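Below you'll find the structure, written out as structure tokens, and then a few comments.
No experiment lies behind these values; they were computed from the predicted model shown.
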Amino acid sequence: MYAVIGAGPMGLATARNLQKLNIPFVGFELHSDVGGLWDIDNPHSTMYETAHLISSKQMTEFKAYPMRDSVACYPHHSELRQYFQDFADQFDLKSRYEFSTQVISTSPEGDGWRIISECNGAQQSRLFDGVLIANGTLHKPNMPTLPGEFAGQLMHSSEYRNPSAFKDKRVLIVGCGNSGADIAVDAVHHAKSVDISLRRGYYFLPKFIKGCPIDTLGGKIKLPRQAKQRMDAAMIRMIIGKPSDYGLPDPDYRMYESHPVVNSLVLHHLGHGDIKPRRDISGIKGHTVSFSDGESSDYDLILMATGYLLDYPFIDRKHLNWPATQHAPQLYMNVFHPKYDNLFMMGMVEAAGLGWEGRNQQARLVALYIKQREQNSAAADNFDVVKRALSGVTLDGGYDYIKLARMAYYVNKEEYLATLAEHIAKLQIGVDEHEIDSKTFGNNPSIGRRLRRKIFNRKERQSDTSV
């Protein structure tokens with residue numbers, strides 16, 4: 001029996017794939033229903049009333065369970081909550097979950113994992129064959145320390161629910177990720193004034209080009225990475241200009257080396273003077289905020305749109321191969337532990353365009369691995385060689401992602417999906433004709449050429465470092 005922690009999109013995909021292979025499991029969910037953060041009534045949700053999906057439904061939905069035609073290209077969060085509830089009902093997943101149940105602790109015991117859970121004040125201790133952690137990545141607010149004491153209202157975007165919070169206030173938004181841009185646009189219609197402070201530049205993308213969602217365009221012709229970065233950046237400059245045209249800092253990195261902001265309205269309001277761009281905060285005294293360019297202004301409310309940190313409070317980070325110096329656990333494909341063959345981090349992955357289907361394929365791979373591991377197959381043994389050799393190696397497709405906490409589990413969509421497909425094919429067959437030499441990894445056809453090259457390159461880097 002396995003334990004699945006979480007009933008959001010990733011938890012449901014995990015549950016469905018275990019179900020399809022008849023792998024017994026129990027699900028744990030803190031809320032009283034499925035949907036995770038997409039259920040705004042979930043006390044632990046960070047959703048706000050005006051939120052919509054930032055990727056199109058076509059590129060995000062589960063392929064085996066498409067959204068209704070009546071759902072907009074960029075659905076409202078209420079439609080997504082209904083989508084996940086319908087998904088769970090369609091496959092009878094709710095019956096596998098214990099709702100309103102908190103996982104208190106998860107620790108290794110023998111060949112399994114001891115989980116202590118609590119529901120309505122009563123605790124229960126059970127031993128499971130393995131654990132699949134799918135509690136999401138957007139729960140613990142990243143709240144940087146500000147340089148000074150602010151006399152007004154200070155809040156994080158995770159606390160934001162509706163635009164009435166801004167009524168007749170002088171508002172400063174700190175950060176301009178997708179949530180920060182959305183919230184700044186909300187504030188325009190209710191606040192006395194809206195400023196936005198950016199430490200670094202972002203790439204901004206429109207939601208539509210020629211009437212089509214931007215993420216549904218392109219991809220038919222595969223370009224070399226650098227050529228794609230240059231061409232796509234040039235196309236966006238031609239369509240909407242540079243961030244500096246709107247008073248914002250230009251990015252000091254290439255396109256796709258950080259998650260882009262998919263929002264045209266924030267640029268619209270910057271161009272109309274409804275939002276005033278500000279530089280990084282250099283000091284705060286009372287209601288007055290000073291900026292790095294020497295300017296200052298007074299505010300009633302500062303909203304920190306500064307993202308989230310990974311948080312798994314029910315398990316010691318030493319069990320996650322998570323060094324204190326790293327922003328994320330060091331796992332193969334952000335999922336597989338180098339030591340434990342029965343502990344999986346589900347959904348700790350971010351990539352432009354990966355969608356829930358990409359995460360569903362992740363869950364499919366894990367379910368196949370569990371099935372092959374139960375059968376003590378050579379295919380599972382070969383996969384173990386790879387996951388131990390490449391734990392912590394980022395599938396970045398050669399992109400030089402900026403070194404931030406929110407990018408610590410970012411991957412390149414194409415490389416990630418290709419790696420998923422390669423492993424899925426091998427585990428589905430479950431047959432291997434050769435043994436792998438633990439030192440050279442041989443030329444075994446069950447490990448693809450690309451993966452063998454990664455293993456070799458990592459061994460070479462380790463050798464160079466040790467000299």
Original post:
Are the side chains of T50 and N162 in touch, meaning some heavy atoms are under 4.5 Å apart?
Top reply: no
Original post:
Quick one: are H156 and T306 in side-chain contact, heavy atoms under 4.5 Å?
Top reply: yes
**OP:** Find out whether E422 and L427 are in side-chain contact, i.e. whether some heavy atom of one side chain is under 4.5 Å from a heavy atom of the other.
**Re:** no
Original post:
Taking NZ, NE, NH1 and NH2 as the nitrogens, is one of them in E295 or R278 under 4.0 Å from a carboxylate oxygen of the other?
Top reply: yes
Original post:
Which pair of heavy atoms, one from I183 and one from S157, lies closest together, and at what distance?
Top reply: CD1-CB, 3.8 Å
Original post:
Does a donor on one side chain and an acceptor on the other come within less than 3.5 Å for N263 and N178?
Top reply: no
Subject >> Nearest heavy-atom neighbours spanning T137 and G347 >> reply: CG2-O, 3.9 Å
Subject >> Centroid separation F336 to F383 less than 6.0 Å >> reply: yes
**OP:** Could you tell me whether the side chain of L37 reaches within less than 4.5 Å of the side chain of N42, counting heavy atoms only?
**Re:** no
**OP:** May I ask you to test the P243-F204 pair for a side-chain heavy-atom distance under 4.5 Å?
**Re:** yes
**OP:** Determine yes or no for a side-chain-to-main-chain donor-acceptor pair under 3.5 angstrom, with H139 supplying the side chain and D311 the backbone.
**Re:** no
Original post:
Considering all heavy atoms of both residues, which atom of M304 and which atom of M143 are nearest to each other, and what is their separation?
Top reply: CG-CE, 3.7 Å
Original post:
Side chains of H327 and L310: does their closest heavy-atom pair fall under 4.5 Å?
Top reply: no
Original post:
Do the ring centers of H287 and Y299 come within less than 6.0 Å of each other?
Top reply: no
Subject >> Reported CD1-to-CD1 distance for the pair I214 and I236, which is rounded to 0.5 angstrom >> reply: 4.0 Å
Subject >> Closest heavy-atom pair and its distance - Y160, D186 >> reply: OH-OD2, 2.8 Å
**OP:** Quick one: pull up OH in Y312 and OG1 in T106 and give me the separation to the nearest 0.5 Å.
**Re:** 12.5 Å
**OP:** Please confirm whether the backbone N or O of L395 pairs with a side-chain atom of N412, one donor and one acceptor, at under 3.5 Å?
**Re:** no
Original post:
Quick check, are the ring centers of Y253 and Y203 under 6.0 angstrom apart?
Top reply: yes
**OP:** Identify the two heavy atoms, one from A13 and one from A363, that lie closest to each other, and give their separation to 0.1 Å.
**Re:** O-CB, 3.7 Å
**OP:** Verify side chain to side chain contact (heavy atoms under 4.5 Å, CB included) between L198 and D280, making sure each step is shown before the conclusion.
**Re:** CA-CA 6 Å; L198 277 68; D280 192 21; over 6 Å; no
Original post:
What's the spacing between H319 NE2 and I133 CD1 if we round to 0.5 Å?
Top reply: 10.5 Å
Original post:
So do R364 and I424 actually touch side chain to side chain, heavy atoms under 4.5 Å?
Top reply: yes
Original post:
Do D232 and Y256 pass the side chain to side chain donor-acceptor pair (under 3.5 Å) test, and can you show the C-alpha distance, the side-chain angles, and the key distance before you say yes or no?
Top reply: CA-CA 9 Å; D232 287 3; Y256 303 126; 2.4 Å; yes
Original post:
Quick check: does any side chain N or O of E79 sit under 3.5 Å from a backbone N or O of V71, one acting as donor and the other as acceptor?
Top reply: no
Original post:
How about Y246 and H268: are their ring centres within less than 6.0 Å of each other?
Top reply: no
Subject >> W356 vs L80 side-chain heavy atoms within contact, under 4.5 Å >> reply: yes
**OP:** Work out which heavy atom in G8 is nearest to a heavy atom in E29; give both atom names and the distance.
**Re:** N-OE1, 4.3 Å
**OP:** Give a yes or no on whether the ring-centroid distance for F208 and Y74 is below 6.0 angstrom.
**Re:** yes
Subject >> salt_bridge(R388, D341) N-O dist < 4.0 Å >> reply: yes
Original post:
Which word best sums up how the rings of F87 and Y83 line up, parallel for under 30°, tilted for 30 to 60°, or perpendicular for over 60°?
Top reply: tilted
**OP:** Identify whether NZ of Lys or CZ of Arg in R81 sits under 6.0 Å from the centre of the six-membered ring of W38 and within 45° of that ring's axis.
**Re:** no
Subject >> D250 side chain vs S244 backbone, donor-acceptor pair below 3.5 Å >> reply: yes
Subject >> Rounded distance (nearest 0.5 Å) linking atom OG of S56 with atom CE of M67 >> reply: 9.0 Å
Subject >> K169/D300 salt bridge by N-O under 4.0 Å criterion >> reply: no
Original post:
Does NZ or CZ of R406 lie under 6.0 Å from the centre of the six-membered ring of Y308, at an angle within 45° of the ring axis?
Top reply: no
**OP:** Could you check D215 against K207 for salt bridge (Lys or Arg N to Asp or Glu O under 4.0 Å), going step by step and ending with a plain yes or no?
**Re:** CA-CA 8 Å; D215 59 0; K207 283 197 167 183; over 6 Å; no
**OP:** Drop me the distance from I281's CD1 to S197's OG, to the nearest 0.5 angstrom.
**Re:** 4.5 Å
Original post:
Between the main-chain N or O of K242 and the side-chain N or O of D245, is there a donor-acceptor pair closer than 3.5 Å?
Top reply: yes
Original post:
Atom OH of Y410 and atom OH of Y416: how far apart are they, to the nearest 0.5 Å?
Top reply: 13.5 Å
**OP:** Using the salt bridge (Lys or Arg N to Asp or Glu O under 4.0 Å) rule, take R225 and E257 through it: C-alpha gap first, then chi angles, then the decisive distance, then the call.
**Re:** CA-CA 11 Å; R225 173 182 53 80; E257 292 178 350; 5.1 Å; no
